[in-house]
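Note sheet for the following structure.
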Amino acid sequence: MLKILFMLIFLFSFCFMKNMFWMVQNFLFIIMFILILLNYFSNYWVGISYFLGMDLLSYGMVLLSFWICTLMLMASDSINKYNNYKNLFLLNIMILLLMLVLTFMSMNLFMFYLFFESSLIPTLFLILGWGYQPERLQAGMYLLFYTLLVSLPMLIIVFYLYNSLNTMNFYLMNNYNFNYFIMYLFLILPFLVKMPMFLVHLWLPKAHVEAPVSGSMILAGIMLKLGGYGLLRVFSFLQYIGLKYNYWFISISLVGGVLVSLICLRQTDLKSLIAYSSVAHMSIVLSGLMTMTYWGISGSYTLMIAHGLCSSGLFCLANISYERLGSRSLLINKGLLNFMPSMTLWWFLLCSANMAAPPTLNLLGEISLLNSIVSWSWLTMLMLIFLSFFSAAYTLYLYAYSQHGKLYSGIYSFSGGLNREYLLLFLHWFPLNLLVLKSEMSLLWL
């Protein structure tokens, strides 16, 4: 594990040199492929060094982190072009990546907590430093206080656990089962806010709308997955009490998912719509995870990785339109089929992935999740029907409204899109469809 970290840390020096923007990105790709070749497809911890190690759950998440961070640099060409503090931007992204990789690799609950919280700071700087509107200050505060307020009680529980078990190692903690309601609540709340669960999701649309494209990509691609990853880790020793109280969270999530889908249908801002659709997707991930069935846990892991790639790609598309038209409003971003004909294919491919069309990884995840939630209680079918229907409805609304119709009269040009942008979208969409062929990775990791 340390070899990956050292490669990352030595990359930091490149951030201070001139004209190294694409070099850093190329090196990140190289680290990514080395990581793939290491091939840690293992159900137990491997590559252990100090408090770091990987099992399949971490492996998928670390790969996703590297991939999304590399693509973030590719999407942020305008920062490089207009020299908008690009070295600072590079450094910020590298620190963020380091924090995320350490979070996913930690075998120790306290270290996990530490890096889980640290990853908040670079994200905050991304939003405050490179965001668009003055409201980014408010969005940053929302992000910070929602996350910090619920995380502090968790720290107390972490200390209590260490005091009673004399270990913080995830692998050793699996042998225990606790039955304290307060512990259960405080341990899962930070992750529910991070996911975000309905009722504590207000920070997400704000943060997304104000963040630059790289901020949106990292938020949708990885930050939301921190919550799911944390839950998968702590539920191993909260099984008994989970069976007792999880129905609360499943009910809130499913009802919330339907309500958020209805909110999606009323959005006029591209980014806002995609951000709310993330909340709807995460609600079904959370419900499946909370059933604590085999199907549910594997399905939530699968859908998290799928959603990371798919949502990130949609934010890239929204940004490509934004850079051309200077607005994210659907009233101006319409009839884009006339304006950027070849980009419409990518809108179609990523929107169809968003509504879980085959052969995407989203379909595999959603089938497993539906299976687990319905087997948990058949009453959930009522909400799942609406959730699936509206999910397709708002995705079609997004696609049809932005691509078809009469072109906005203020646009007098035609744009083909850059090679960089097509490569960026291809690198989001290709793994999404390719990983289905390797589905045992996401279904046999327990």
Point to revise | Trace of the side-chain contact (heavy atoms from CB on, under 4.5 Å) decision for Ser442 with Leu435 | key: CA-CA 9 Å; Ser442 46; Leu435 283 170; over 6 Å; no
Revision key, fill the gap. Taken to the nearest 0.5 Å, the spacing of Leu427 CG from Leu423 CG works out to 4.5 Å
Review point. Is a side-chain N or O of Lys271 found less than 3.5 angstrom from the main chain of Ala211, in a donor-acceptor match?
Key: yes
Exercise for review: Would you check if there is a donor-acceptor pair between the side chains of Asp55 and Ser58 at a distance under 3.5 Å?
Suggested key: yes
Review point. Do you know which two heavy atoms are closest between Tyr229 and Met304, and how far apart they sit?
Key: N-CE, 4.1 Å
Study note, to complete from the structure: dist Ile241:CD1 -> Leu185:CG (nearest 0.5 Å) comes out at 9.0 Å
Revision key, fill the gap. Separation between CD1 (Ile121) and CE (Met99), nearest 0.5 Å, reads 7.5 Å
**Study point:** Verdict with reasoning, Cys15 to Met20, per side-chain contact (heavy atoms from CB on, under 4.5 Å)
**Key:** CA-CA 7 Å; Cys15 300; Met20 278 292 180; over 6 Å; no
**Study point:** Met141, CE atom: more than 12 neighbouring heavy atoms under 6.0 Å
**Key:** yes
**Study point:** Exceeds 12 heavy-atom contacts within 6.0 angstrom, atom CG of Asn419
**Key:** no
Review point. Take atom CZ in Phe12; do more than 12 heavy atoms of anything else shown fall under 6.0 Å from it?
Key: yes
Point to revise | Closest non-hydrogen atom pair, Phe170 against Ser106 | key: CE1-O, 3.4 Å
Check your understanding: Between Tyr184 and Asn246, does a side-chain hydrogen bond (donor to acceptor under 3.5 Å, both in side chains) hold up when you go through it step by step?
Key -> CA-CA 10 Å; Tyr184 163 76; Asn246 274 357; 2.6 Å; yes
Point to revise | Qualifying residue for ring-ring contact (aromatic ring centres under 6.0 Å, His included) with Trp130, from Tyr85, Phe89, Phe125, Tyr82 | key: Phe89
Check your understanding: Under a 4.0 Å N-O cut-off, is there an ion pair linking Asp77 with Lys86?
Key -> no
Review point. Taking C-beta and beyond as the side chain, do Ser277 and Asn354 meet within less than 4.5 Å on heavy atoms?
Key: yes
Point to revise | Check: Leu56 main-chain N/O paired with Tyr301 side-chain donor or acceptor under 3.5 Å | key: yes
**Study point:** side-chain contact (heavy atoms from CB on, under 4.5 Å) against Leu165, all qualifying residues, sequence neighbours excluded
**Key:** Leu161, Thr167, Met173, Tyr176, Phe178
Practice item. Could you go through the side-chain contact (heavy atoms from CB on, under 4.5 Å) check for Leu387 and Met383 one step at a time? Key: CA-CA 6 Å; Leu387 199 63; Met383 282 301 147; 5.9 Å; no
Review point. Can you find a side-chain donor-acceptor pair between Ser272 and Gln267 that sits under 3.5 Å?
Key: yes
**Study point:** side chain to side chain donor-acceptor pair (under 3.5 Å) against Ser278, all qualifying residues, sequence neighbours excluded
**Key:** His307, Ser311
Review point. Is the distance between the ring centroids of Phe41 and Tyr59 less than 6.0 Å?
Key: yes
**Study point:** Shortest non-hydrogen separation from Ser300 to Leu369 and the atoms involved
**Key:** N-CD2, 3.6 Å
Study note, to complete from the structure: In this structure, CD1 of Ile250 is separated from CG of Leu254 (nearest 0.5 Å) by 7.5 Å
**Study point:** Thr291 side chain vs Gly288 backbone, donor-acceptor pair below 3.5 Å
**Key:** yes
Check your understanding: Can the ring centroids of Trp67 and Phe29 be said to lie less than 6.0 angstrom from one another?
Key -> yes
Review point. When you measure from the side chain of His428 to the backbone N and O of Phe426, does any donor-acceptor pair fall under 3.5 Å?
Key: no
Exercise for review: Output, in order, the C-alpha distance, side-chain angles, deciding distance and verdict of side-chain contact (heavy atoms from CB on, under 4.5 Å) for Lys194 and Lys225.
Suggested key: CA-CA 8 Å; Lys194 204 73 169 175; Lys225 315 297 169 279; over 6 Å; no
Exercise for review: Only counting residues at least two apart or in another chain, list the ones meeting salt bridge (charged side-chain N to carboxylate O under 4.0 Å, His left out) with Lys438.
Suggested key: Glu440
**Study point:** Test item: Met111 and Leu52 side chains (from C-beta on) under 4.5 Å apart, heavy atoms
**Key:** no
Practice item. In sequence, state the C-alpha distance, the side-chain angles, and the governing distance for His208 and Tyr276, and then conclude on ring pair (Phe, Tyr, Trp, His ring centres under 6.0 Å). Key: CA-CA 9 Å; His208 268 309; Tyr276 274 109; 9.8 Å; no
Practice item. Side-chain contact test, heavy atoms from C-beta onward, threshold under 4.5 Å: evaluate it for Thr380 versus Ser287 and give yes or no. Key: no
Review point. Got Leu384 and Ile284 here, is their nearest side-chain heavy-atom distance under 4.5 Å?
Key: yes
Practice item. Taking all heavy atoms of Thr360 and all of Asn433, pick out the closest pair and write down the distance. Key: CG2-OD1, 3.4 Å
Revision key, fill the gap. Tightest non-hydrogen contact, residues Trp429 and Leu350, listed as CB-CD2, 4.4 Å
Check your understanding: If you look at every heavy atom in Asn87 and Met17, which pair is closest and at what distance?
Key -> ND2-O, 3.4 Å
Point to revise | Sub-4.5 Å side-chain heavy-atom contact between Met217 and Leu71 | key: yes
Practice item. Take the angle between the ring planes of Phe191 and Phe112 and call it parallel below 30°, perpendicular above 60°, tilted in between. Key: tilted
Review point. Just how far is it from atom CD1 of Ile373 to atom OG1 of Thr293, taken to the nearest 0.5 Å?
Key: 8.5 Å
Practice item. Would you give the length of the straight line joining atom CG of Leu189 to atom CD1 of Ile157, rounded to the nearest 0.5 angstrom? Key: 10.5 Å
Point to revise | Ser13 (side chain) donor-acceptor with Phe10 (main chain) under 3.5 angstrom | key: yes
Check your understanding: With side chains defined as the heavy atoms from C-beta onward, is the minimum distance between Phe116 and Leu114 less than 4.5 Å?
Key -> no
Exercise for review: Check Phe235, Phe181, Tyr240, Tyr180 against Tyr245 for a ring-ring contact (aromatic ring centres under 6.0 Å, His included) and give me the one that passes.
Suggested key: Phe181
**Study point:** Side chain proximity check, Ile34 to Met7, heavy atoms < 4.5 angstrom
**Key:** yes
Check your understanding: Under the 3.5 angstrom rule, does the side chain of Asn163 hit a backbone N or O of Phe159 as a donor-acceptor pair?
Key -> no
**Study point:** Phe386 atom CZ, over 12 foreign heavy atoms within 6.0 Å
**Key:** no
Exercise for review: Give a yes-or-no answer on whether the side chains of Asn174 and Ser236 include a donor-acceptor pair shorter than 3.5 Å.
Suggested key: yes
Point to revise | Donor-acceptor contact present, side-chain Glu421 to main-chain Leu418, <3.5 Å | key: yes
**Study point:** Flag for Tyr132-Arg136: side-chain donor and acceptor within less than 3.5 Å
**Key:** no
Review point. Any side-chain heavy atom of Val200 sitting closer than 4.5 Å to one from Tyr146?
Key: yes
